[in-house]
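Computation of the quantities below employed the complete heavy-atom set of this structure, encompassing side-chain atoms and omitting hydrogens, waters and symmetry-equivalent molecules.
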Amino acid sequence: MALYGTDPQPGYLIPSSDRKPKLPFEYRFHKTPMPLLSQGLYFNESTLPNPCSNPDHGPPSRWVYYYARGLLQCALDLTPLSWNLVIRGYSSSSHPREAVLVFHEMRARGPSPNKFTFPFLLKACARTLDFEIGKQVQAYIVKNGTNSDIYVQNTLIHFYGSCGKILDARQVFEEMSLRTVVSWTAIITAYVENLQYEESLKTFYLMRICRFEPDQTTMVVLLSACAELGHLNKGRLFHAQVIANGFAMSVQLGTALVNMFAKCGNIDCAYRVFSIMPERNVWSWSAMIIGLAQHGQAGEALRLFSYMKHIKSVVPNYVTYLGVLSACTHAGLVEDGYRFFHDMVHVHKIEPMMTHYSAMVDTLGRNGRLEEAYKFITDMPIAADGVVWRTLLGACSIHDVRNAGDVREKVRKRLLELEPARGENYVMVSNMYAKIGLWEEVVKVREVMREEGLRKSAGESSIEVGGLLYTFFCGDDSQGDCPHIYRLLDVLILHMKSTIGIDEGNSAFWLSD
DNA sequence: CTAGGGTTAG
C-alpha cells in the first residue's frame, strides 16, 4: 500500500443519478481544510492543474483528485477538455484504473470523447495491462471515428505491445496509412517488450529501407535489444550512430549505453560512458552498479554505491539494491549483505521483492551457512518461490554436501512440492545426489521423471564470433563442428581446474545434461 | 490537452 502514496483509493464512483451537486464522501471526511465548491469554482477548465504534469515532483496530493472529480460532478456543460485533463491525471498516476472509471462517467453523462481522450485512456489501459478494457476502447474508437488519428494509432500499438499482444500491435501498425518515427519506435518497442529482439532489429532495418530516420528514443530501444542479445558489435554500431547523428547524451540514452556495454561484457566501455554522462539519475547509477557486480568487481560496485548515496545524495531504489546485494553475493560479504538488506527495508522503506530475498539466500548459501539460509527463508513474510529454493539447493550441492543432509532434504522436499512439474528441479536433485554418490537416489529421481514424462527444458544461449551471433540450445549439435567444440570445452575446464582449483564435482555439475 | 524510451538474481 505504501506504493500508492497519498492518492485516493480506487473504486470511487460518483452516482450519475444524483442530480444535486454533493461533495464526495471522502472529501467531507478529509482532515486538511480544502476549498469548498459552494464558494465558487477555484479552477476553471484552463487552469485546472495537471496533477501529474511532472512525475519527478512525486505523487499529487489527494485533494487534487477529489477536487477535480468534484468539479466534474458539480459543473454543468463541461467540454471534453475538462474530462480529458482528469483522465490524463489518472493515467499517469499510481491509480491508472481510475482513468477508465472517469471515462465511463464521461460516456454516461458527459460530452462525447474526442481524439485527445483516447491516448490518455489507452495509456492507462497499457499501464494496468487491461487487455479486455483496451479492446473495448478500440471498438469505441472505431465507432467514434477517431481511429485514423495517428496519435491514437501509436498509442494503440503501445497498448497492445504492453499487453503482450504483439500480433494486434502489428495489425494496427500494418493498417496505418501514415507512419512517423514514433510509430516505428512503438512497434520496435513492442517486439523488445515481447522478447522478440531479432524481430525488433529486422523492423529497424525495414524502417531504414522506408527512409525513416531514427531518433534518441529509437536508439534507446535498439540498445536495450542489443543488451539482451549480448550483441556487442550491433551495440557499437548504434553507439556510433548516436554520435554521428549528434544526439545529446540524455539520461536514458546514457543509461541504455552503460547497460548495453555491461551486458555485452565490456565493462570498461560501460564505465567510460558512465563517467562522461552529463547527467545521471538513480537508474544510471543502478545500471553501473549492477554491471560492476556482474563483472565480479564487487568492491568497485559498493564503492560506487556509497559515493552515489553520500556524495551525490541520490536515493537508491529496489533495483540499486539488487545490484548491491548481488555484489555482496559475489564478494562473499555476508555481514554487509545483512546490513544493506536492513538499510533497504528500514532506512529507505523499500519492501523487498523475491529477488532481494533470493540474493540474500544466495549470499548465505554460497558461504556455507545453509541452516541460516533455511531459517532466513522460513522467516520471510512472503512464501518463497522456486527460484529461492533452487538457489539454496544449489548451495547445498556445492557446500559440504555430506554433512548438509538435514537442510538438503528439507529443501529438496519443499522445492519438489512447490514445482512438481518442473523438469529442471529433478535434474538438479539428481545431479546433487550423483555428486555425493547416492546412486540409488539418482535412480529414484530419474524414475520419477520418466514416469511423469518430465524433461528439462532446453537452456538457450548465444555467442558472438566474428561479428555473427550464434544462438544454440542445451544439447544442440546443429552448430557445425560439435566434437571440436566439446574438445575445446574440455581444454577450458582443464585450464580452470589448474588455475583456480575447480573441483571435479563442480565441472561434472556444469556439464550435465 | 495528444504518441514511442533506460535499471531486475542464479
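Side-chain atoms of A/S224 lie closest to B/dT7 of the nucleotides B/dA9, B/dT8, B/dT7. Considering only the side chain of A/M353, B/dT8 comes nearest among B/dT8, B/dA9, B/dT2. Here the nucleotide nearest the side chain of A/T217, chosen from B/dT7, B/dG5, B/dT2, is B/dG5. Considering only side-chain atoms of A/P119, the nucleotide from B/dA3, B/dA9, B/dC1 that sits closest is B/dA3. Comparing B/dG4, B/dG10, B/dA3 against the side chain of A/T180 picks out B/dA3 as the nearest. Checking B/dA9, B/dT2, B/dG4 against every side-chain atom of A/A186, the shortest atom distance belongs to B/dG4. The side chain of A/V182 lies closest to B/dA3, out of B/dA3, B/dG10, B/dT8. Here the side chain of A/V181 is nearest to one of B/dT7, B/dG5, B/dG4, namely B/dG4. Side-chain proximity of A/Q294 to B/dT7, B/dT2, B/dA9: nearest is B/dA9.
With A/F212 as the aromatic partner, A/R179 does not meet the cation-pi criteria of under 6.0 angstrom to the ring centre and within 45 degrees of the ring axis.
Checking the phosphate oxygens (OP1, OP2) of B/dT7, a side-chain nitrogen or oxygen of A/N259 falls inside 4.0 Å. In this structure, A/Q153 does not reach the B/dA3 phosphate: none of its side-chain N or O atoms is under 4.0 Å from OP1 or OP2. OP1 or OP2 of B/dG5 has at least one side-chain nitrogen or oxygen of A/H158 nearer than 4.0 Å. Between A/H356 and the phosphate of B/dT8, there is no side-chain N or O to OP1/OP2 separation shorter than 4.0 Å.
One interatomic measurement links the two molecules: CG of A/L392 to C1' of B/dA9, which rounds to 15 Å at whole-angstrom precision. In this structure, the CZ atom of A/F116 is 10 Å from the P atom of B/dA3, given to the nearest Å.
A donor-acceptor contact under 3.5 Å is formed by the side chain of A/S358 with the base of B/dA9.
Nucleic acid contact class of A/S250 (heavy atoms, under 4.0 Å, all strands): base.
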Pair up each side-chain donor or acceptor in residues 324-337 of chain A with any protein partner under 3.5 Å, not counting sequence neighbours, and list the distances.
residue : atom : partner : partner atom : Å
A/T329  : OG1  : A/L325  : O            : 2.9
A/T329  : OG1  : A/A359  : O            : 3.4
A/T329  : OG1  : A/T363  : OG1          : 2.9
A/E335  : OE2  : A/R369  : NH1          : 3.1
A/E335  : OE2  : A/R369  : NH2          : 3.1
A/D336  : OD1  : A/R339  : NH2          : 2.8

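In summary, the aromatic rings of A/W285 and A/F305 are positioned with their centroids too far apart to meet the 6.0 Å limit.
Side-chain atoms of A/T146 and A/D149 include no donor-acceptor pair closer than 3.5 Å.
Listed by first and then second residue, the salt bridge (charged side-chain N to carboxylate O under 4.0 Å, His left out) pairs involving residues 262-278 of chain A amount to none (not counting sequence neighbours).
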